[in-house]
Amino acid sequence: MNRDSTDTAAPSNFIKDIIEEDRKNNKNDGRVATRFPPEPNGYLHIGHAKSICLNFGIASEYQGTCNLRFDDTNPTTEEVKYVESIKSDIRWLGFDWGDRLYYASDYFEKLYQYAVQLIKDGKAYVCSLSEDEIKDYRGDYYKKARESPYCSRPVDESLELLERMRAGEFEEGAHVLRAKIDINSPNMNMRDPIIYRIRKERHHRTGDKWCIYPMYDFAHCLSDSLEGITHSICTLEFEDHRPLYDWFLDELAVDCHPQQIEFARLNLSYTVMSKRKLLELVEQRHVSGWDDPRMPTVSGLRRRGYTPESIRNFCERIGVAKADSMVDVALLEYCLREDLNERAPRVMGVLRPLRVVIDNLPEGQVEEFDAPYHPTDPSFGSRKVPFSRVLYIEREDFREDPPGKWFRLAPGREVRLRYACIIKCVDVVKDEKTEEVVELHCTWDPESRGGNPPDGRKIKGTLHWVSADHSLEAEVRLYDRLFTKANPLEEKNGSDFTAQINPESLEILKSCRVEPSLAGAKPESKYQFERLGYFCVDPVDSTGERLVFNRTVPLRDTWAKIEKAQLEADRRK
RNA sequence: UGGGGAGUGGGCUAACGGCAAGCCACCUGACUCUGGAUCAGGCGAUUGUAGGUUCGAAUCCUACCUCCCCAGCCA
């Protein structure tokens, strides 16, 4: 393969640079092994997707492996349901861990033995201080620490106590196992960190077998080592933990000492990413659940209609670096449209129907027009769309008093109905009281069958439409950004981030009309409603009787920009 | 106050002492039976600041400024 000429090669980044350097030096015999280590205590979001793409992507790029390992060392918060949802989300994203599914809990016995070894080597001790005392003894950024009175507890005594901790002889909090490192280290993580605590709690995999559980810092590095990981990629906040990661592996003299590398986690504009805040949105009912289409969770994006390809592509484009940053959600939407443009069949649906009567088409007469499902890819095929006396067009496609550059319908004006024919507006029927336009009368030009007038006159505007009698009713949910501020956390005078929630992030339209070919559309199937945007069949609420579509993302709307500019210009006058 | 990191057009990322590049956003124009897509072009960076080394600095050195992370028996 000619690497210089490939235009599809994933861009490089500082992590790949490190790996390439390692391979050049034949470190790890040139082997590359990564892992994705979620804690099963919540749902995956697009920030995790970045990490997944990175870890699995690097593995495949260097003919290496990427393990899926659940970091399940805290039974208090972890559950099987999360394990299942995480697995399904990763699979949906398009990654495969083969037979390399692991759990930190698989290593509990080995980890225990490592802990015993640390005690024997005089590098760990059982501390019997209370939680508050430990905190107090540990000091803070400016206050010196004091050594635990138990730090020189005899090895035998610690050994015996740890055994009895394991046997369940003590209550939670009575003792902990601590590494003996440096109680006055400027790095708080090194001030004799706790490595085992008593938790009399049932673990989702090991049941009641254990009542002591290892802490992250102890379990993670050793799990990596046991799995032969070469590059342990994590986020920036673990940078301070790296000396500890290395300390355990050095002191225990393990064969495999992976290199921890930290990168900046993903922040996306107009949303929040922390588990805590997402949970808050769910619990306070600001959204319908973890899979609400406005959520940045993988399940939310999926329900919204995002494709795995678009997410993977996005993750590739944003790059990987160490600087805190916030990516514009417009890039995500761009990646989505790019993908959907190629794969979504085109159909017609009218969101806010306006009745149009074709005066010169007799009642009962039905014309049929052939409409391709895709403008450039003939393999999508085509369908027939019925055209009859009463139609619906989009309410916003008609203006009684049109502004400049308007080339949609208006009194006396001609417009093309997509795939069908040219119509001319001859009359406007209004509600006597409200002045609201309730119906349009038009004539069609039978000579323009197929869409083009035989005399060659130019018709600028093309509208989407449906035949009233043939169309199907559908509910359409218009989703928009969840927050009105690019960074909802940038709260002014301590106001809560939920105060920035966009009150218009969801608009439900119940009386939309869609073309008949959509009957029986499958859950999660994606369509472009011409001129409107991409929509997908809601997998939860859509049924055979009642179609429900989610708007995934609108089409780029140049007209909206023009109109906005015009309005602003008028306002300045 | 201690420790660990990071600062490159509006956003994200590149450059590895030698012409600051790409993508998104934004703006033109062409084309078009989607005001979509596509195509062509454009705007926009004294690389956080101030010094220094060098023929030459985003890159090396010094000082400073700003932002982020750390005081869980969470991960």
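Sequence lines set the chain letters: A, B, ... in the order given, protein chains first and strands last, and positions in each chain run from 1.
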From B:G35, B:G36, B:A15, nucleotide with atom closest to A:Arg556 side chain: B:G36
Of A:Thr558 and A:Asn187, the one whose closest RNA chain B nucleotide lies more 5': A:Asn187
C1' spacing across the pair B:G18 / B:U38, given as an integer number of angstrom: 38 Å
Nearest-angstrom distance from the residue atom CE of A:Met326 to P of B:G11: 12 Å
A:Lys135 side-chain N/O to B:G72 phosphate OP1/OP2 under 4.0 Å: yes
Donor-acceptor pair under 3.5 Å, A:His374 side chain vs B:A37 base: no
Touch class at under 4.0 angstrom, heavy-atom based, for A:Asn41 against every strand present: nothing
Between C1' of B:C69 and CG of A:Leu244, the distance in whole Å: 16 Å
Polar side-chain contact A:Arg408-B:G35 base: donor and acceptor under 3.5 Å: yes
A:Glu171, CD: over 12 other non-hydrogen atoms inside 6.0 angstrom: no
Base orientation of B:G72, syn vs anti, 90° cut from 0: syn
Sugar-phosphate, base or nothing in reach of A:Phe407, heavy atoms under 4.0 Å: base
d(CD, A:Glu394; P, B:G36) in whole Å: 17 Å
Whole-angstrom distance between B:G48 and B:G10, as gauged at atom P: 13 Å
Selected nucleotide, minimal atom distance to A:Ile318 side chain, candidates B:A14, B:C12, B:A75: B:C12
Sugar-phosphate only, base, or nothing, as touched by A:Ile459 at under 4.0 Å among non-hydrogen atoms: nothing
Identity of whatever pairs with B:C23 - Watson-Crick or G-U, under 3.5 angstrom: B:G11
Below 4.0 Å: OP1/OP2 of B:G35 and any side-chain N or O of A:Arg531: yes
Minimum-distance nucleotide (side-chain atoms of A:Glu239 versus B:G4, B:A75, B:U13): B:G4
Whole-angstrom distance between B:U59 and B:U8, as gauged at atom P: 13 Å
Under-4.0 Å salt bridge between A:Glu394 and A:Arg352: no
Separation of atom CD1 in A:Ile195 from atom P in B:A75, rounded to whole Å: 13 Å
Touch class at under 4.0 angstrom, heavy-atom based, for A:Gly139 against every strand present: sugar-phosphate
Candidates B:A6, B:U13, B:C12 - which lies nearest the side chain of A:Val327: B:C12
Sugar-phosphate only, base, or nothing, as touched by A:Asp17 at under 4.0 Å among non-hydrogen atoms: base
Phosphate OP1/OP2 of B:G11: any A:Ser269 side-chain N/O under 4.0 Å: no
A:Arg265 bridged to A:Glu237 by N-O distance under 4.0 Å: yes
cation_pi(A:Arg383, A:Tyr373) dist<6.0 Å, angle<=45: yes
Sugar-phosphate, base or nothing in reach of A:Pro375, heavy atoms under 4.0 Å: base
Euclidean distance, atom CE of residue A:Met215 to atom C1' of B:C73 [Å, nearest integer]: 6 Å
Sugar-phosphate only, base, or nothing, as touched by A:Glu172 at under 4.0 Å among non-hydrogen atoms: nothing
Pairwise C1' distance for B:C73 and B:C65, with rounding to whole Å: 39 Å
Nearest-Å distance for atom pair CZ/P, residues A:Arg317 and B:C24: 6 Å
Lys/Arg cation over aromatic A:Tyr102: A:Arg35, 6.0 Å, 45° cone: no
Phosphate-side-chain proximity, A:Thr376 and B:U38, N/O vs OP1/OP2 below 4.0 Å: no
Side chain A:Asp240 and base B:G3 donor-acceptor under 3.5 Å: yes
Nearest-Å distance for atom pair CD/C1', residues A:Glu316 and B:C24: 15 Å
Side-chain N,O (A:Arg418) to OP1/OP2 (B:G36) below 4.0 Å: no
Closest nucleotide among B:G72, B:G35, B:G36 to the A:Leu555 side chain: B:G36
Touch class at under 4.0 angstrom, heavy-atom based, for A:Asp140 against every strand present: base
Option passing salt bridge (charged side-chain N to carboxylate O under 4.0 Å, His left out) with A:Asp445 (candidates A:Lys424, A:Arg416, A:Arg457): A:Arg457
Sugar-phosphate only, base, or nothing, as touched by A:Arg138 at under 4.0 Å among non-hydrogen atoms: sugar-phosphate
5′-ward residue of the pair A:Ile562/A:Phe238 relative to RNA chain B: A:Ile562
Rounded C1' spacing from B:U66 to B:U28 in Å: 37 Å
Touch class at under 4.0 angstrom, heavy-atom based, for A:Glu530 against every strand present: base
Who pairs with B:A6 - Watson-Crick or G-U, where each distance is under 3.5 Å: B:U66
B:C39: pairing nucleotide in any strand, Watson-Crick or G-U under 3.5 angstrom: B:G29
A:Ala344 versus A:Phe380, closest heavy-atom pair with distance: C-CE2, 4.2 Å
B:G56: pairing nucleotide in any strand, Watson-Crick or G-U under 3.5 angstrom: none
A:Tyr334 side chain, from C-beta outward: closest of B:U34, B:A25, B:C12: B:A25
Touch class at under 4.0 angstrom, heavy-atom based, for A:Lys561 against every strand present: sugar-phosphate
Euclidean distance for C1', B:C60 against B:G17 (whole angstrom): 8 Å
Polar contact flag, side-chain donor to acceptor under 3.5 angstrom, A:Asn189-A:Asn187: yes
Pairwise C1' distance, B:A45 and B:A20 [rounded to whole Å]: 8 Å
Touch class at under 4.0 angstrom, heavy-atom based, for A:Ser130 against every strand present: base
Any donor-acceptor pair under 3.5 Å from A:His204 side chain to A:Glu79 backbone: no
Candidates B:A75, B:G35, B:C24 - which lies nearest the side chain of A:Leu331: B:C24
P-based separation of B:A21 from B:A58 [nearest Å]: 13 Å
Atom-pair distance (CZ on A:Arg343; P on B:A37), nearest Å: 18 Å
Per A:Lys322 side chain, nearest of listed nucleotides B:C73, B:A14, B:A6: B:A6
Sugar-phosphate, base or nothing in reach of A:Arg346, heavy atoms under 4.0 Å: base
Sugar-phosphate, base or nothing in reach of A:Leu177, heavy atoms under 4.0 Å: nothing
Side-chain ion pair, A:Lys384 and A:Glu515, N-O less than 4.0 Å: no
